[in-house]
Structures are given as structure tokens and as C-alpha cells.
Amino acid sequence: EDLSRRSDVVVRGRVASVSARWAEDDSRIYTYIEVADAVAWRGSAPHTITVVVPGGVVDGVGQRVAGAPSFRPGDEVVVFLRRTPGGAWRVNGLGQGAFRVQGAAAEPQLGGIELHARPLPARERRAEPMAVSELEQRVKSVR
């Protein structure tokens with residue numbers, strides 16, 4: 001729920017394409033994920049939205065960012081997004097904010113992330129595997 005509150009948009013959609021390229025100053029690699037058939041669970045978003053994730057591989061050169069989610073074309077996903085001052089959409093909370101959907105289940109990408117326990121408000125859950133219907137209900141119920 002906290003992730004929902006801190007996100008500008010939460011969408012469910014299908015990964016249409018994934019491509020990596022160098023930043024303009026050639027100092028970093030970013031991966032661009034096009035999420036198609038996007039349905040906004042929170043906020044408003046276009047039908048196709050491009051999400052930028054740090055890291056990737058360009059011409060055999062790779063850069064890995066611990067905790068950054070990965071995407072594959074065809075994946076069904078729920079992503080919690082923040083808009084940067086420059087207008088790009090970024091996954092909020094790294095892997096915590098990128099759920100892979102398989103059937104009726106949604107699972108965040110927590111590999112490479114170390115979460116520290118902290119008390120949660122009553123009836124709230126951490127980013128953890130859950131039913132897609134429960135995730136949607138939790139996102140939509142946040143005020």
C-alpha cells in the first residue's frame with residue numbers, strides 16, 4: 001500500500017519490447033521497456049507506456065544495478081511507476097515495484113534486494129507474492 005501511495009501510476013500490461021542503450025553522456029546503460037495494453041489501476045496512463053530501468057547490455061557491454069527488475073517481451077506485469085522531472089517513467093522501489101503475473105498469481109522481483117523489517121500499518125502487506133486480484137484490490141483501495 002505504501003508503494004501505491006508513493007507511485008504516480010500503477011499499470012497492468014504486457015511487455016511488448018525491451019531495448020538497452022547508453023545514456024547521452026555514455027556513462028550509464030538504461031533499458032527501455034514498452035508496456036502495451038496498459039490498464040491503469042492507479043492514476044492515468046497511455047495505452048502504451050515506456051518504462052526506463054537502470055542497467056542493461058549494449059554491444060556486449062553490460063551494466064547491472066542491484067535490485068533493478070528485468071523484463072522479457074511477452075511478460076505480463078504490474079508496475080508501480082514514478083515520473084521523473086525529465087518526464088521518464090521509472091519503476092518505483094526497483095524490484096519491489098515490478099510484479100510478474102503468471103495466471104492468477106503476481107510476484108515481485110525481489111532478487112538482489114535486501115528488505116529490512118519495519119512495522120506495517122494494520123491490514124497492509126509487504127511487496128510479496130499474492131493473487132493478482134488481491135494486488136489489484138490493494139492498489140485501488142489506497143487513498
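- Cluster membership check: V78 does not share its hydrophobic cluster with V11, using side-chain heavy-atom separations under 4.5 Å among Ile, Leu, Val, Met, Phe, Trp and Tyr.
- The two residues G13 and V35 have their closest heavy-atom pair at CA-CG1, 3.8 Å.
- Nearest heavy atom pair, residue A45 against residue A40, reads N-CB, 4.2 Å.
- A distance-only check finds a donor-acceptor pair linking the side chain of R42 to the backbone of V142 [under 3.5 Å].
- The residues E1 and R5 are annotated as not salt-bridged, no charged nitrogen and carboxylate oxygen being separated by less than 4.0 angstrom.
- Proximity of a side-chain donor or acceptor of T31 to a complementary backbone N or O of A20 within less than 3.5 Å is not detected.
- Residue pairs meeting the ring pair (Phe, Tyr, Trp, His ring centres under 6.0 Å) criterion with at least one member in residues 66-89, sequence neighbours excluded, are F80-F99.
- Heavy atoms from other residues, nucleotides or ligands lying under 6.0 Å from CG of D26 number more than 12.
- Here OG of S133 is found 10.5 Å from CZ of R138. Values are rounded to the nearest 0.5 Å.
- Y32 and I49 fall into different hydrophobic clusters, where Ile, Leu, Val, Met, Phe, Trp and Tyr are joined by side-chain heavy atoms under 4.5 Å apart, directly or via other members.
- Across V65 and G55, no two heavy atoms sit closer than the pair CG2-N, 4.0 Å.
- Using a 4.5 Å cut-off between side-chain heavy atoms of Ile, Leu, Val, Met, Phe, Trp and Tyr, with links allowed through other members, V53 and V9 fall into the same hydrophobic cluster.
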Can V91 and L81 be said to form a side chain to side chain contact (heavy atoms under 4.5 Å, CB included), step by step? CA-CA 5 Å; V91 177; L81 303 173; 4.2 Å; yes
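- The environment of CZ in R28 is sparse: at most 12 heavy-atom neighbours from other residues, nucleotides or ligands sit within 6.0 Å.
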Check against side chain to side chain contact (heavy atoms under 4.5 Å, CB included), T48 and E34: CA-CA 7 Å; T48 299; E34 186 175 280; 3.3 Å; yes
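- When all heavy atoms of P129 and P108 are compared, the closest pair comes out as N-CD, 3.6 Å.
- Contact record, A38 with P46: CB-O, 3.6 Å, taken as the closest heavy-atom pair.
- With rounding to the nearest 0.5 Å, the separation of CZ in R82 from CG in N92 is 6.0 Å.
- Transitive grouping of hydrophobic side chains (ILVMFWY, heavy atoms separated by less than 4.5 Å) keeps V79 and L94 in distinct clusters.
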Indicate every side-chain donor-acceptor pair of residues 100-107 with a distance under 3.5 Å to a residue at least two apart or in another chain.
| unit_1 | atom_1 | unit_2 | atom_2 | d |
| --- | --- | --- | --- | --- |
| R100 | NE | D75 | OD2 | 3.1 |
| R100 | NH2 | S70 | O | 2.9 |

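- Rounded to the nearest 0.5 Å, atoms CH2 (W41) and CZ (R12) are 5.5 Å apart.
- V77 and L135 are assigned to two separate hydrophobic clusters, defined by single-linkage of ILVMFWY side chains at heavy-atom distances under 4.5 Å.
- Rounded to the nearest 0.5 angstrom, W22 CH2 and Q63 CD are separated by 6.5 Å.
- By the 4.5 Å heavy-atom criterion applied to side chains, D37 and H47 are counted as neighbours.
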